[in-house]
Structure formats: structure tokens, C-alpha cells
There are 2 protein chains.
Amino acid sequence: MSTKEKILDLAEHYIQHNGYNGFSYHDISSVLGIKNAAVHYHFPKKEELANEVIKKAQVQFENIVEKAEVYDVTYTDKVRRFLTIYDNNLRKENRVCLIGSFATNLDALPPGLNAPLAALVAAIKSWLTMVLAQGREAGEFHFRGSPGQRAALICSGMAGALQLAKILGNEEYYEIKSQLLNDLV
Amino acid sequence: MSTKEKILDLAEHYIQHNGYNGFSYHDISSVLGIKNAAVHYHFPKKEELANEVIKKAQVQFENIVEKAEVYDVTYTDKVRRFLTIYDNNLRKENRVCLIGSFATNLDALPPGLNAPLAALVAAIKSWLTMVLAQGREAGEFHFRGSPGQRAALICSGMAGALQLAKILGNEEYYEIKSQLLNDLV
DNA sequence: GTCTATATTCCGATAGAC
DNA sequence: GTCTATCGGAATATAGAC
């Protein structure tokens with residue numbers, strides 16, 4: 001893995017553990033055994049670094065969608081596959097979700113991050129809404145409210161679950177996740 | 001309102017808009033037209049300031065509980081009253097909830113904030129669990145899963161709703177809230 | 001691609017005058 | 001209770017050597 005990729009991974013780590021304003025270039029460089037200036041070579045400004053982290057999440061989400069289309073037969077499986085994104089965050093030493101982290105510190109963020117962030121959230125909500133709508137039409141899901149409302153509930157519930165897990169423990173996460181799934185069928 | 005109270009309110013404002021690491025004593029003092037040193041007089045360390053904000057939230061929650069006991073007849077009303085805490089955050093220029101803000105930046109927080117934060121979350125979950133259990137026993141609520149699970153879902157769903165609202169708009173918040181309530185009855 | 005060195009700004013915090 | 005003044009440190013960022 002290249003230094004650039006390692007930096008990107010560490011930035012992602014810190015954003016999801018400390019928030020955008022809770023880490024510095026030095027935090028990253030010291031872990032890699034390099035100097036803070038070397039990080040600036042790869043990502044001149046912190047805003048660009050964060051922007052790349054968002055882009056990476058966008059690609060990751062698109063990969064999930066692609067895999068779901070290819071491999072998953074049922075709509076339940078598609079939703080479950082999507083939720084593995086959150087599972088992975090929990091496993092990675094209790095990370096909160098990327099969107100929740102940015103949203104929470106939004107007013108102290110470089111304004112340039114706003115648009116890519118909104119695009120990512122919109123893409124996720126749009127896809128999940130579609131899956132829920134199709135799953136309901138296929139008779140697989142039976143839930144109250146519109147698919148869009150349900151998609152919003154699932155996203156916010158899972159984001160909150162990761163945050164609650166940081167304080168009360170991981171059992172909370174699994175309980176919330178199972179309820180969100182149970183309320184679908 | 002005393003300067004000390006004004007500082008506390010501003011700290012609360014910044015924590016819920018910028019996160020703990022997204023504001024400085026100077027940010028607070030400049031709004032009040034005083035100097036950063038004057039803020040240090042009232043709250044010598046930033047950790048203490050944040051601690052007082054948490055304490056204030058604890059008191060606010062206890063007031064809600066007390067009012068619910070006195071005024072609310074139905075369990076639905078008690079839950080609704082509790083959720084006005086989140087409504088107020090939405091109205092205050094889209095604040096995220098205090099717990100969500102701290103949880104998101106937890107690894108970049110002074111360790112001393114951990115215990116009071118956990119106590120606040122535990123108190124909220126405990127009370128909400130009780131209300132849900134009693135409401136179900138009274139035949140007012142009909143939900144899947146245990147009251148404790150449902151309480152965790154409501155808290156995390158509402159926290160996430162405030163965050164999603166910051167990115168996609170306030171309609172998201174109301175849709176999520178109404179779904180959480182509808183899924184109770 | 002990583003380094004040293006440095007500029008600049010900001011932050012948390014303290015001492016002591018008023 | 002608020003001020004001026006200041007300290008030590010850390011953060012973002014850049015210039016230029018290797």
C-alpha cells in the first residue's frame with residue numbers, strides 16, 4: 001500500500017474516531033513515521049484530504065450497490081449487505097459512520113465539503129429508497145410509511161446506533177439493527 | 001442573564017453546531033464582547049465548561065421527566081414530551097443532539113467527560129425504557145422487541161434524524177420522528 | 001517522496017493590573 | 001468581573017534541500 005493510501009486510511013480513521021477537527025497532519029505523519037510536511041505533499045490542504053475520504057466512501061458505496069445487484073436475490077439480502085457498511089465501522093474499534101461525523105461538526109467544516117457530502121447522502125438514500133420500494137412491491141417488505149421515509153429512518157437509526165454503541169456498548173448497536181430489520185418485514 | 005450563563009449557552013451552541021473541537025474560548029468571548037481571559041475566569045478549563053453543559057442537559061432532562069409525571073396522562077404524551085427536546089434542537093438552527101455530538105468526537109475528548117456523558121445517556125435510556133414498558137402493559141403501545149431495544153432505537157433514530165436534517169433538510173427529521181412514533185402504536 | 005526549516009496563526013491557559 | 005499581556009504549544013501551510 002502506497003504512502004498516499006495509508007494517509008487516506010488514517011484520515012478516515014481519525015475522522016470517524018475524533019471528528020474532522022480532532023486530529024492533525026502530525027497525528028497522521030507520526031503513525032507512519034514520516035514528517036507532517038510529507039503529508040502535505042500528498043494532500044496540500046486538509047480540506048482536500050477530507051474530500052478524498054468522502055470520495056472513497058462514495059466508491060465503497062457504489063461497490064456495495066454493484067455487488068448487491070449481482071449477487072443478492074432477495075431485497076432483504078440487499079439491505080443486509082448495505083448494513084455491513086455499518087457493521088464494519090463497529091468492528092473497526094467503534095467508528096461512527098462517516099456521514100454522522102461530518103454532519104455533527106458541519107458548522108466547523110470547510111464549506112467545500114458540503115456538496116460532496118450531500119451528494120453521497122443523496123445517493124445512499126435514493127438507492128435504499130428504491131430497494132425498499134421494490135421489496136415492498138414484491139411482497140417481501142411490509143412497513144408503515146413511504147419507502148423514502150423508511151430509508152431515512154434506517155440511515156439515521158444506524159448512524160445513531162454506532163454513536164450510542166460508543167457510550168453504552170456494542171449490544172445497543174445489534175439491538176437497534178435487528179429492530180430496524182424486523183420492522184421491515 | 002449573567003455572563004456565566006451566557007457563556008454556558010454559547011458553549012452549548014458551539015458543541016451542538018461545531019463539536020467540542022470546533023470552537024475556542026475566543027469564539028465565545030467575541031460574541032459577548034469580552035476577552036478570552038474573561039471566559040477562563042468563569043470556566044478555567046474547557047473540559048469544565050463542557051462538563052457544565054452536560055450537567056445542564058441532565059437537569060433539563062430531569063425537568064422533562066418531572067413534567068411528564070405531573071401533566072401527561074397517556075404514555076404517548078410522555079414520549080412526545082421527551083421528543084420535544086429534539087424538536088427544540090432542530091428549531092435552534094439545526095443543532096444536533098448533545099449526546100450525538102460528544103459521541104462522534106469521543107476519542108478526541110478529555111477523558112473526564114466520559115463518565116457524566118455515560119450517566120446522562122443511561123438515565124435517558126432507563127426512563128424511556130420504563131415509559132415504553134408501562135405503555136405496552138397498559139395496552140397503549142404495540143411494538144416488536146423489548147422496551148429497552150425500542151428505547152435505544154428511538155434515541156439513536158432521533159439523534160441521526162437531526163444529523164440527516166443538517167444535510168438533506170428538515171423534512172427528513174419530521175418523517176423519521178413520525179415513523180418512530182407510528183411504529184410504537 | 002521525504003526531509004529540514006520556518007512562517008503564521010490560533011489555541012488553551014496563567015499572571016497580575018484595574 | 002473584566003482587562004492587558006504573555007507564555008508555551010500546536011496547527012496549517014510553504015519553501016527549498018536532498
Side-chain angles (χ1 to χ4, degrees), chain A residues 1-54 56 101-102 104-114 116-117, chain B residues 1-55 101-102 104-114 116-117:
Chain A
M1 188 159 56
S2 71
T3 300
K4 185 162 187 169
E5 286 171 321
K6 286 181 193 165
I7 292 171
L8 212 48
D9 276 1
L10 276 167
E12 188 185 71
H13 168 276
Y14 278 121
I15 288 171
Q16 295 185 255
H17 274 106
N18 297 15
Y20 179 81
N21 293 300
F23 74 101
S24 68
Y25 271 37
H26 176 258
D27 289 329
I28 292 176
S29 65
S30 67
V31 172
L32 297 178
I34 60 180
K35 300 294 171 181
N36 120 56
V39 180
H40 277 285
Y41 166 76
H42 294 285
F43 303 94
K45 316 218 167 197
K46 198 179 183 183
E47 176 179 347
E48 298 174 31
L49 178 55
N51 209 321
E52 292 297 320
V53 171
I54 295 173
K56 208 180 132 187
S101 171
F102 280 120
T104 292
N105 300 320
L106 200 67
D107 293 18
L109 252 48
L113 296 179
N114 229 307
L117 195 60
Chain B
M1 188 160 56
S2 70
T3 300
K4 185 163 186 170
E5 286 170 320
K6 286 182 193 164
I7 292 171
L8 212 49
D9 276 0
L10 276 167
E12 188 185 72
H13 168 275
Y14 279 121
I15 288 170
Q16 294 185 255
H17 274 107
N18 297 17
Y20 179 80
N21 293 301
F23 73 101
S24 69
Y25 271 38
H26 176 258
D27 289 329
I28 291 175
S29 66
S30 67
V31 172
L32 296 179
I34 58 179
K35 301 294 171 181
N36 120 57
V39 181
H40 277 285
Y41 166 77
H42 294 284
F43 302 94
K45 315 218 169 198
K46 199 178 182 183
E47 176 179 345
E48 297 174 31
L49 178 54
N51 209 320
E52 291 298 320
V53 171
I54 296 174
K55 272 191 197 168
S101 172
F102 280 120
T104 291
N105 301 320
L106 201 67
D107 292 18
L109 252 48
L113 296 179
N114 229 306
L117 195 60

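When reading the values below, keep in mind they use all heavy atoms of this one structure, side chains included, and skip hydrogens, waters and symmetry mates. Per chain, numbering begins at 1; letters A, B, ... match sequence-line order.
When the shell of 6.0 Å around NZ of A:Lys35 is examined, it contains 12 or fewer heavy atoms from other residues, nucleotides or ligands.
Put simply, NE2 on A:His40 is 8 Å from P on D:dT14, counting in whole angstrom units. Between A:Tyr25 atom OH and C:dT6 atom P there is a gap of 23 Å when expressed in whole angstrom units. Atom NE2 in A:His42 sits roughly 12 Å away from atom C1' in C:dC3 (whole-Å rounding). The separation between B:Tyr20 atom OH and C:dG12 atom P is 8 Å, rounded to whole Å. For B:Glu47 and C:dC11, the CD to C1' distance is 16 Å, given to the nearest whole Å. Distance B:Glu48 CD to C:dA13 C1': 12 Å, rounded to the nearest Å. Between B:Leu32 atom CG and D:dG1 atom C1' the separation is 13 Å, expressed in whole Å. Distance, B:Asp27 CG to C:dC11 C1': 10 Å, rounded to whole Å.
Side-chain nitrogen and oxygen atoms of B:Lys46 include at least one within less than 4.0 Å of the OP1 or OP2 phosphate oxygen of C:dG12.
Nearest nucleotide to the side chain of A:Ser24, out of C:dC3, D:dA11, D:dT14: D:dA11. Comparing D:dT12, D:dT2, D:dC3 against the side chain of B:Tyr41 picks out D:dT2 as the nearest. Picking from D:dA15, D:dT2, C:dA15 the nucleotide with the shortest atom distance to the side chain of A:Ala37 gives D:dA15.
In terms of heavy atoms, A:Asn21 sits closest to B:Asn18 at ND2-O, 4.4 Å. A pairwise comparison of heavy atoms in B:Leu32 and B:Ile7 identifies CD1-CG1, 3.6 Å as the closest pair.
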| message | Applying side chain to side chain donor-acceptor pair (under 3.5 Å) to A:Asn105 and B:Asn105, what does each step give before you reach the verdict? | response | CA-CA 9 Å; A:Asn105 300 320; B:Asn105 301 320; 3.0 Å; yes

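Under the 6.0 Å distance and 45° angle rule, B:Lys4 counts as a cation-pi partner of B:Phe43.
At the heavy-atom level, B:Phe43 lies nowhere under 4.0 Å from the strands shown.
Of the two residues near DNA chain D, B:Thr3 and A:Asn36, the one whose nearest nucleotide lies more 5' is B:Thr3.
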